[in-house]
Amino acid sequence: AKRVVTLHPSPSVLDANSSSAKVSPERFWGSYRPQVYFGMKTRSPNSMVTGMMWMRQFSDMDVNLRHTCEQGDRLHGYGWLMHDGLTFGVQEIRDGDLTLTTEFVKRMGGDHGGDWTWRITAKQHDKSSAPQAPVISLMFYAAADTQGSLEAHVEERNRLASITGFSEELGNFKITFRKPVTGELSSAKYASYNYLQTVSPGLEKLTEIVKHSLNRRFVYSPPSGEKRHYIAVDTYRPPHNQQKPADTRKDSAFVVHQVTVQTPFQVEVLFESGSFHTRPNQLVGSVLTQELEKRKAAFEAKFEKIFGLQSKGFSQAHIRFGKAALSNMLGGMGYFYGQSVVQSVYNDYPLLYPPGALFTAVPSRSFFPRGFLWDEGFHQLLLSKWDPQVTRETLGHWLDLINMEGWIPREQILGDEARSKVPAEFVVQRNENANPPTLFLALQELIEQLSSNPEELDSQTTLAFLRRVYPRLKTWFEWYNTTQTGPLPHSYRWRGRDKDTNLFLNPKTLTSGLDDYPRASHPSVDERHVDLHCWMALSSGIMASVARLLGEPHQEYERSHRVLSDNNLLNELHWSEQLRAFSDFGNHTQAVSLQQFPVARLVRSVRRAPKLQYVNALGYVSLFPFLLHVLTPDSPKLEHILRDMSDPDKLWTPYGLRSLSKSDPLYMKRNTEHDPPYWRGPVWINLNYLAVRALHHYSSLEGPHRDKAAALYEELRTSIFTNVYRQYVETGYIWEQYNDNTGRGQGSHPFTGWSSLTLLIMAEHY
Ligand code: 6A9
């Protein structure tokens with residue numbers, strides 16, 4: 001029963017201190033809190049965190065405090081315009097007629113990850129019709145998480161000029177709040193100041209504490225202008241006798257500096273590390289401006305060198321979009337620490353997984369700011385082009401979370417802050433459940449980089465990395481190859497399908513990553529899934545390559561790869577003559593529908609009994625042998641695949657390939673009254689990326705379908721980036737999916753996880 005919570009016995013990929021300020025000072029501080037609009041922390045458990053909230057004064061609306069990224073805030077857009085993942089970032093936030101630019105720059109020195117400075121620039125939108133420039137409150141804070149201390153230093157009545165503090169990982173430090181100015185050379189602006197010094201029982205409570213401390217008793221009285229009451233944090237210290245003893249263990253210092261000022265203005269916040277003794281000057285004002293300019297220029301040069309959008313003739317606006325796609329993926333990197341809640345058949349109750357760290361990009365800063373296993377493989381396809389060290393460290397973190405069985409929990413909800421965003425019923429992860437092993441896609445990319453530059457230092461690092469991950473990869477592969485097998489030799493079946501068959505039009509398969517994509521109507525052990533078969537073909541091939549590179553026995557992996565890639569076997573297991581496409585197989589009937597029951601609710605009615613047969617749902621699943629390059633270039637099946645892809649009544653749309661054929665009976669059908677279609681029509685960018693990549697692959701190999709693939713390649717590539725770009729310009733966001741009829745972005749936003757692969761499509765980097 002303890003197996004599920006026992007970690008893999010091999011030495012961990014990452015040394016215990018690999019993310020520490022000593023070993024990795026340049027990556028210690030970062031914007032690793034993607035769930036807030038602006039904030040930084042260090043890559044350490046229980047890190048001291050810093051952040052910013054803001055709110056508009058004298059508005060008709062109720063208190064509009066902004067802090068964690070929320071779709072409900074209805075911002076017109078927010079995201080990183082530039083971010084190098086290492087030294088600096090520039091973000092733009094558009095809230096009504098207010099534009100906030102949040103920039104940070106780091107400077108190395110001392111033993112604790114060095115210094116950084118923030119610069120916030122607030123402006124009223126040019127096109128605003130408001131008679132008066134808005135008055136804004138910015139609230140900068142530092143908060144401890146169960147360890148470390150903070151001391152507030154107050155000057156001039158209510159103005160908190162600085163915070164000094166100490167923590168295990170940072171030693172002594174000082175945070176200074178500069179006064180707002182109109183521009184770099186101008187003198188201070190009129191501003192009102194407030195502060196709050198208190199304790200919090202956990203980082204997920206910070207917004208609430210600030211909200212509950214707000215008071216309208218303060219007066220804003222600019223020299224030329226009317227006096228008005230404004231809302232601010234009130235200074236108070238919770239009296240000791242009111243603290244419940246149980247809470248004091250967790251209670252941690254929390255200090256907020258509020259500045260209230262009319263736009264336009266600019267304000268800077270400095271973090272200075274106590275062990276940085278050789279600081280030449282303060283990183284503020286013109287020094288900061290110069291540093292920023294230098295970083296921006298370096299970023300632009302590196303961006304063009306890697307992605308070459310300019311040399312491909314893209315417009316400046318397209319290039320800005322490309323930079324934002326990359327920057328948001330880098331700026332969406334988080335560092336999480338905590339325990340998953342897991343369940344195996346041997347436990348009566350869920351158990352806590354051992355505590356662990358995860359450095360990962362998140363799919364969506366607002367709606368799911370946490371790690372997802374198969375999303376991460378796609379994220380790293382882009383990030384590995386920019387900084388392979390990020391990819392190695394991320395893969396290292398994921399693979400260090402593997403248990404002795406070879407299982408990695410699919411959704412990583414680590415720490416109270418992450419937990420606070422997830423309804424209880426979604427928290428528990430089950431150890432029968434897989435998720436596509438896309439980390440192999442990222443490994444494949446690292447291996448390709450290595451074979452094209454074997455002499456480079458980076459290749460040595462990758463080789464050493466592969467050596468360390470290898471024992472874990474072996475167990476991971478074995479886990480899929482034993483727990484997810486199907487009824488026939490060399491067939492596979494996703495576990496973890498919905499059980500309560502009659503409540504759903506088609507029971508879902510969340511584990512496949514394609515949630516509600518139609519599968520056999522009646523889940524059974526007789527099923528075989530073509531997408532999983534292809535993932536296994538891919539994975540065994542990468543396992544063979546890694547083993548070969550390391551001089552380890554590789555024959556078994558090669559054999560598996562040969563068998564799983566055998567086009568005859570694939571045809572036998574998965575080719576449906578009726579559909580003339582690849583398909584799942586299982587206990588299935590098409591004759592199902594949702595019926596209104598007398599007691600106002602929908603129940604599935606089955607008009608014809610299921611039987612063992614092909615499922616015949618044409619869509620992404622049927623494309624997998626092509627998407628993952630399992631088909632040989634001379635396969636006659638390619639002709640059918642290319643035809644279905646280019647047929648507007650099936651998969652083709654002007655915005656990319658839709659997930660399910662327009663002619664399928666479940667096309668755009670709801671699964672329950674509360675569960676709208678998700679992978680039953682809309683255009684998803686991760687699989688469209690694979691499709692474009694596959695067209696590129698087949699158009700570069702000799703074969704009867706080469707020309708057709710080449711022509712489709714150009715068309716599909718252009719459709720995808722044209723629409724994602726247009727939606728970004730029109731709505732301010734990159735989206736989770738795109739409507740197959742209108743191209744409109746839908747679902748969660750910003751979604752700068754795999755949708756950012758659009759940049760690779762523009763750059764033609766596969
Ligand atoms: C449930 C709601 C505030 C669904 O991008 C992450 C995943 C993909 O891996 C998967 O393929 N998304 C795709 O079908 C989003 C899953 C979000 C689950 C969140 C809890 C929280 O409410």
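None of the values given here were measured: they were computed from a predicted structure. We use all heavy atoms of the structure for the numbers below, so side chains are in, but hydrogens, waters and symmetry mates are not. Atoms within each ligand, like the ligands themselves, are counted from 1 in listed order.
For the pair R693 and Y766, the cation-pi criterion (under 6.0 Å, within 45° of the ring axis) is not fulfilled. Taking the ring axis of F372 as reference, the NZ or CZ atom of R410 does not stay both within 45° of it and closer than 6.0 Å to the ring centre.
Among the candidates Y620, Y738, Y678, W735, the single residue satisfying the ring-ring contact (aromatic ring centres under 6.0 Å, His included) test with W684 is Y678.
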What short N/O contacts, under 3.5 Å, does ligand 1 make with the protein, listed by atom pair and distance?
unit_1: ligand 1; atom_1: 5 (O); unit_2: D375; atom_2: OD2; d: 2.7
unit_1: ligand 1; atom_1: 9 (O); unit_2: W374; atom_2: NE1; d: 3.1
unit_1: ligand 1; atom_1: 9 (O); unit_2: D375; atom_2: OD1; d: 2.6
unit_1: ligand 1; atom_1: 11 (O); unit_2: W374; atom_2: NE1; d: 2.9
unit_1: ligand 1; atom_1: 11 (O); unit_2: G513; atom_2: O; d: 2.6
unit_1: ligand 1; atom_1: 14 (O); unit_2: G513; atom_2: O; d: 3.3
unit_1: ligand 1; atom_1: 14 (O); unit_2: D515; atom_2: OD1; d: 2.9
unit_1: ligand 1; atom_1: 14 (O); unit_2: D515; atom_2: OD2; d: 3.0
unit_1: ligand 1; atom_1: 14 (O); unit_2: W679; atom_2: NE1; d: 2.9

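Side chains of Y733 and H76: a donor-acceptor N/O pair is absent below 3.5 angstrom, by distance only. Side chains of N431 and E405: a donor on one and an acceptor on the other come within 3.5 Å. Between the side chains of E736 and Q746, no donor-acceptor pair of N or O atoms lies under 3.5 Å.
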